[in-house]
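Report on the following structure.
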Amino acid sequence: MTYMAVDAHAHAAGDSAADAAAGSAGRRDLAVRAAVEQGLIDEDAPLLCLLDTAGIRASATALTSAFAAALAPGTPALHAFAVKAAPLVPVLRLLADAGLGCEVASPGELALARAAGVSPDRIVLDSPAKTAAELREALALGVAVNADNRQELERLDALVATAPTTSPIGVRINPQTGAGTIDALSTATATSKFGIALRDPGAREWLVRAYLDRPWLTRLHTHSGSQGVSLALIAEGVRELYALAEEINEAAGRRQVDTLDIGGGLPVNFSSDAVTPTYAEYVSALRSAVPGLFSGAYGLVTEFGRSLTAKHGLVLTRVEYTKTTGGRPIALTHAGVQLATRTVYAPAAWPLRILPYSAKGAPLTGPVVAQDIAGPACFAGDLLAAARELPLLAPGDLVCVPDTGAYAFTAHYGYNSLPRPAVHGFTVDPSGGVRFALARAAQPVSTIPAEAGAATPNALL
C-alpha cells in the first residue's frame, strides 16, 4: 500500500467549530456581494453556483487530522472522497491536493478521478452492479475493488486467475445493524441491496470460507449510510466489520485481512452554519466502540463525501417575479429541482436554509413574512421552501441557498431541459477581496438539442 502514514504528533485543526462557522458565513457574505459587483450574477445571468475553496480545504484537514491523531504511528490510511457527492474535476483536484483520494462507483466517476490526476492506487471502486469490463479496467489499473456479492466474487475469481493484478480486493458486508431516519440512505438494513448480509443464516461462515479459499482477498468493507444515520449506528457497523476481520485472520492463522474500509457517512447539519457532528466526534465514537481499529493492526480507508463539501457550496439566484396567491407571497427564482432535487421531492428529509440578500448583495433585513421560494420548473412542487419566514422579497433581490456543495448543483437534474449553471470557486484574501475561478462553465442552450438527438431528428419516422 502507498497510503500516507500517520504522524504520531498530528493534531486536530485549531479553530473551534464556532469560529469555523463564523468564518464561513463571513466569506459567504463577501462572495455574494463580490458576485454582484463583478457581474457574475445579473439580469442576463440570474443563476450562479459557488464553492468556498478554503472551506473545502478546512474540511479535508479536519478529516485527516482527526484520524491521524488517533491512529497508531505509521498506520497506512487513505481518505477517499466519494466522487458522487461532487462530481467535478476541479473539486477532485482540490481534494487530491489536500491529500485525499477518490471513491468511485461507475466508469464515469473513475474517468473523473483520473482526469483530476488521482493515481490508481488512491482510488477505490465500489458499486453493486459492476460489469466485467469495469472490473477488468480496475484490475488492469491497480484500482482497489470491493466486491458487492457472491456472483461478483465468482467473476473476480476468473479475472484474477486470467490476469494477475496489483489491485487490493475486498468484500463489502452489510452488518444489518438497522436504519437511520432516512430509509433511502440507510444501507445497513436487514434487506439493503448493498453487500453480503452478515446476519443471514450461514453468511458469516460462508464469508470466512470465501477468504480462506482466496488468499488475494485482503480487505473488508462496510458503509452504513449517511444523512440521518447516527454516529453510534455507524460505529456499530464498523465494530461488526472489525470483528469479522479478526475472525477471518484467526481462521487463516495469519494477517490475511490487512485493511478495513469503513466507508463514510458523517451526517451534515443543514439547519445552521455550525459544523456538527465533527470528524473528531466521529473518531471518538469509533474509539469507544472499536478501540482495536486504531491499534495499527489494520490499514484504514474512509469514503466521506457529503461532509467534505456540502457546507461549502451555495446557490445564488435572482428573484425574477413575485406574486401573492391565496394570501401567500411567492418569490419566483431560477433555482429549483434542477439544483436541489432531493429537497424538492423530499422536503421534510432535506430542508435547506434560505438566506435573502438585496439586489446589491447585502444581507436583507426587515419584518419577516411567510413566503414560498419557488423554482422555474413546470410543476407545482418545485419549491425550495414553503411558508418560510423571511423579509419580503422583491424582483431583483437575491436568494442564497447554502449547504448545497454536495448532491445538489454539482449533479444537475435536467428537468424542463434547464441548462447546467456555471460553478465558480472563490477565495477571500486577508483584506476581504474575493477572487473567483471558473470550475464549470454554464451550459450553452445551443448544446441541449445536440444532447437530445438533434443529429438524428428523423430516426423514429
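Along the sequence shown, residues are numbered consecutively beginning with 1.
In plain terms, the two heavy atoms of Y357 and G361 that are nearest each other are CD2-O, 3.5 Å. Closest approach of I41 and P46 over heavy atoms only: CD1-O, 3.9 Å. Minimum heavy-atom separation, I373 to L390: CD1-CD1, 3.9 Å. Contact record, T259 with Y298: N-CD2, 4.2 Å, taken as the closest heavy-atom pair.
Residues P363 and D29 meet the side-chain proximity criterion, which asks for heavy atoms closer than 4.5 Å. With contacts defined as side-chain heavy-atom distances shorter than 4.5 Å, the pair V319/Y321 does not qualify. Side chains of F409 and V401 form no contact here, defined as non-hydrogen atoms less than 4.5 Å apart. T404 has its side chain within reach of L352: a pair of non-hydrogen atoms, C-beta onward, lies under 4.5 Å apart. The shortest distance between side-chain heavy atoms of P347 and L383 does not fall below 4.5 Å. Within the 4.5 Å cutoff, side-chain heavy atoms of L392 are placed close to those of P329. At a threshold of 4.5 Å between non-hydrogen side-chain atoms, the residues I234 and I262 do not count as touching. V399 places a side-chain heavy atom less than 4.5 Å from the side chain of I354.
For R420, the salt bridge (Lys or Arg N to Asp or Glu O under 4.0 Å) test picks out E451, with sequence neighbours left out. Considering only residues two or more places apart in sequence or on other chains, Y242 meets the side-chain hydrogen bond (donor to acceptor under 3.5 Å, both in side chains) condition with none of them. Residues satisfying the side-chain hydrogen bond (donor to acceptor under 3.5 Å, both in side chains) criterion with D261, sequence neighbours excluded, are N146. Under the rule for a salt bridge (Lys or Arg N to Asp or Glu O under 4.0 Å), R440 has no partner lying at least two apart in sequence or in another chain. H424 meets the side-chain hydrogen bond (donor to acceptor under 3.5 Å, both in side chains) test with no other residue; sequence neighbours excluded. Here T427 pairs with nothing under the side-chain hydrogen bond (donor to acceptor under 3.5 Å, both in side chains) rule; sequence neighbours left out. Applying the ring-ring contact (aromatic ring centres under 6.0 Å, His included) test to H221 and every residue at least two apart in sequence or in another chain returns nothing.
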| E240 and R199: salt bridge (charged side-chain N to carboxylate O under 4.0 Å, His left out), yes or no, with the steps? | CA-CA 10 Å; E240 293 290 333; R199 298 180 183 180; 3.5 Å; yes
| request: For the pair H412 and Q338, evaluate side-chain hydrogen bond (donor to acceptor under 3.5 Å, both in side chains) and give the outcome as yes or no after the intermediate values. | output: CA-CA 6 Å; H412 186 78; Q338 85 278 30; 5.9 Å; no
| field | Test side-chain contact (heavy atoms from CB on, under 4.5 Å) applied to L207 and L198, step by step | value | CA-CA 8 Å; L207 273 165; L198 190 59; 3.8 Å; yes
| request: Any chance you could lay out the side-chain contact (heavy atoms from CB on, under 4.5 Å) test for R342 and Y413, step after step, and finish with the verdict? | output: CA-CA 10 Å; R342 290 179 174 181; Y413 175 43; over 6 Å; no
| request: I would like to know whether V124 and V301 meet side-chain contact (heavy atoms from CB on, under 4.5 Å); could you show each step before the answer? | output: CA-CA 9 Å; V124 180; V301 176; 4.1 Å; yes
| Could you go step by step and tell me if F67 and H79 meet the ring pair (Phe, Tyr, Trp, His ring centres under 6.0 Å) rule? | CA-CA 10 Å; F67 278 90; H79 299 287; 5.3 Å; yes
| said: One pair to check against side-chain contact (heavy atoms from CB on, under 4.5 Å): L286 and V238. What are the steps and the verdict? | reply: CA-CA 8 Å; L286 287 175; V238 176; 4.0 Å; yes
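Side-chain atoms of D148 come within 3.5 Å of backbone atoms of G195 as a donor-acceptor pair (strictly under, hydrogens ignored). Without hydrogens or angle criteria, T309 side chain to G405 main chain gives a donor-acceptor distance under 3.5 Å. Judged purely by atom type and a 3.5 angstrom limit, T456 has no side-chain atom pairing as donor or acceptor with the backbone of A459. In terms of modelled atom types and a separation under 3.5 Å, the side chain of T222 and the main chain of I173 share a donor-acceptor contact. Of the possible donor and acceptor atoms, none in the side chain of T302 sits under 3.5 Å from a partner among the backbone N and O of F304. In this structure, the side chain of D200 does not engage the main chain of A203 through any donor-acceptor pair within 3.5 Å. With D397 contributing its side chain and A394 its backbone, the two residues share a donor-acceptor pair below 3.5 Å. S65 contributes no side-chain N or O that, together with a main-chain N or O of A62, makes up a donor-acceptor pair within less than 3.5 Å. Proximity of a side-chain donor or acceptor of E109 to a complementary backbone N or O of A105 within less than 3.5 Å is detected. Put simply, the side chain of N269 gets close to the backbone of S271: a donor and an acceptor are under 3.5 Å apart.
For the side chain to side chain donor-acceptor pair (under 3.5 Å) condition, no pair includes a residue of residues 377-387, sequence neighbours left out. Pairs passing the ring-ring contact (aromatic ring centres under 6.0 Å, His included) check and including a residue from residues 430-461, sequence neighbours excluded, do not occur. Sorted by first and then second residue, the side chain to side chain donor-acceptor pair (under 3.5 Å) pairs involving residues 40-55 (not counting sequence neighbours) are R27-D52. Applying the side chain to side chain donor-acceptor pair (under 3.5 Å) definition to pairs two or more places apart or across chains, those involving residues 84-102 are R57-D97, K84-E103. Residue pairs meeting the side chain to side chain donor-acceptor pair (under 3.5 Å) criterion with at least one member in residues 362-376, sequence neighbours excluded, are R328-D372.
Rounding to the nearest 0.5 angstrom, the gap separating the CG atom in L300 from the CG atom in L71 is 5.5 Å. Between L364 atom CG and L398 atom CG the span is 9.5 Å, to the nearest 0.5 Å. A distance of 6.0 Å separates CG of L316 from SG of C400, quoted to the nearest 0.5 Å.
Applying side chain to side chain contact (heavy atoms under 4.5 Å, CB included) to P277 and the options P267, S284, S307 leaves one that passes, P267.
Counting non-hydrogen atoms of other residues, nucleotides and ligands closer than 6.0 Å to CG of L461 gives a total above 12. With a 6.0 Å radius and a threshold of 12 heavy atoms from other residues, nucleotides or ligands, R150 has its CZ atom above the threshold.
Judged by distance alone, the side chains of S59 and H312 do bring a donor and an acceptor atom under 3.5 Å apart. For the residue pair E303/H223, the side-chain donor-acceptor check at 3.5 Å is not satisfied.
Taking the centre and axis of the six-membered ring of F270, the NZ or CZ atom of R353 falls outside the cone set by 45° and 6.0 Å.
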